[in-house]
Amino acid sequence: MKIAILGATKGMGRALARRMAERGDSLFLLGRDADELARSASDLAARGATGRVDGAVCDLEKPDTFDSALEAAEKALSGLDAVVVTAGLFATQDELEADPLLAERVLRVDFANTVLFCEAARKRLLARGGGKLCVFSSVAGERGRKPVVIYGAA
């Protein structure tokens, strides 16, 4: 498969990209830090990625980066079969309650801007005849939990 993955430079996204590379998928990494993207691409190559792994800056805090990053992925992969989103921000409930600007940032990035990114990806996938859009979320969003209520809402 030809997959663009947003958030493949850390944690779950990195582990998922490794699995995809192992099974032979062609990957295009999207993330906010060009150096981290290069490190992740090198990591995947060292782990046996069968094709070239490229990347482009795509920052969920900057919706103006979405279209150009998705276009770069389509061009590098000669199309897209899937777009996967594992990126997001986290802060503790105490941090979010103490800092309304941080709370607004987490809500904007993890909800509003993620929806905007998914809409951009959805339109591109449908224009090519379809595909898969997979968005990972925290278990905190599945059920209300007082210790992370603001993060969970995002």
Side-chain angles (χ1 to χ4, degrees), residues 1-92 105-145 147-148 150-154:
M1 289 186 71
K2 301 171 186 176
I3 303 171
I5 180 167
L6 176 59
T9 61
K10 298 192 188 292
M12 179 176 57
R14 177 174 279 166
L16 183 60
R18 287 174 177 167
R19 290 280 208 170
M20 291 173 171
E22 287 171 4
R23 74 177 192 187
D25 293 322
S26 297
L27 300 177
F28 193 90
L29 310 180
L30 303 171
R32 63 181 174 190
D33 185 311
D35 292 335
E36 285 293 322
L37 288 168
R39 276 191 282 281
S40 290
S42 294
D43 172 72
L44 293 171
R47 292 173 181 274
T50 57
R52 183 174 165 195
V53 180
D54 288 314
V57 171
C58 183
D59 187 340
L60 279 175
E61 290 197 79
K62 300 175 182 173
D64 61 323
T65 64
F66 299 170
D67 284 327
S68 61
L70 288 165
E71 184 175 326
E74 278 187 302
K75 185 176 180 179
L77 297 173
S78 299
L80 282 174
D81 297 316
V83 177
V84 176
V85 180
T86 65
L89 297 178
F90 176 80
T92 68
R105 181 179 173 218
V106 168
L107 289 164
R108 181 175 21 86
V109 168
D110 289 358
F111 179 71
N113 289 1
T114 297
V115 170
L116 293 174
F117 176 82
C118 289
E119 278 298 292
R122 181 188 66 83
K123 289 175 185 175
R124 286 182 177 276
L125 290 168
L126 288 176
R128 298 187 73 83
K132 294 176 176 57
L133 178 57
C134 177
V135 184
F136 284 76
S137 178
S138 170
V139 70
E142 184 179 325
R143 55 188 176 273
R145 294 173 50 217
V148 289
I150 295 173
Y151 170 73

**Request:** Using a 4.5 Å cut-off on heavy atoms from C-beta on, say whether the side chain of Phe136 contacts that of Val84.
**Result:**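 Yes; the side chains approach each other to less than 4.5 Å.
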**Message:** So, applying side-chain contact (heavy atoms from CB on, under 4.5 Å) with Val83, which one of Leu125, Ile5, Val135 is it?
**Reply:**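 Among the candidates, only Leu125 passes.
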Mind listing the closest non-hydrogen atom pair of [X] and [Y] along with its distance?
X      : Y      : result
Leu77  : Lys2   : O-CD, 3.1 Å
Leu29  : Ala8   : CD2-CB, 3.7 Å
Arg32  : Val57  : O-CG1, 4.1 Å
Phe117 : Cys58  : CE1-SG, 3.7 Å
Ala120 : Asp67  : CB-OD1, 3.8 Å
Leu133 : Ala121 : CD1-CB, 4.1 Å

So, taking the atom named [atom1] in [X] and the one named [atom2] in [Y], what distance separates them when rounded to the nearest 0.5 Å?
X     : Y      : atom1 : atom2 : value
Phe66 : Thr114 : CZ    : OG1   : 7.0 Å
Leu6  : Leu60  : CG    : CG    : 5.0 Å
Asp25 : Met20  : CG    : CE    : 6.5 Å
Lys62 : Asn113 : NZ    : CG    : 12.0 Å
Leu30 : Asp59  : CG    : CG    : 11.5 Å
Arg23 : Ile3   : CZ    : CD1   : 5.0 Å

**Message:** Please check if the number of heavy atoms outside Arg18 that lie under 6.0 Å from its CZ is greater than 12.
**Reply:**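 Yes, because the 6.0 Å sphere around CZ of Arg18 holds more than 12 heavy atoms from other groups.
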**Message:** More than 12 heavy atoms of other residues, nucleotides or ligands under 6.0 Å from CZ of Phe111: yes or no?
**Reply:**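 At most 12 heavy atoms, drawn from other residues, nucleotides or ligands, come within 6.0 Å of this atom.
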**Request:** Output yes when a side-chain donor or acceptor of Asp110 lies under 3.5 Å from a complementary backbone atom of Gly88, and no otherwise.
**Result:**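 Answer holds: no.
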**Message:** Before you tell me yes or no, could you show the steps for Thr9 and Asp33 under side chain to side chain contact (heavy atoms under 4.5 Å, CB included), namely the whole-Å CA-CA distance, both residues' side-chain angles and the distance that decides it to 0.1 Å?
**Reply:** CA-CA 9 Å; Thr9 61; Asp33 185 311; over 6 Å; no
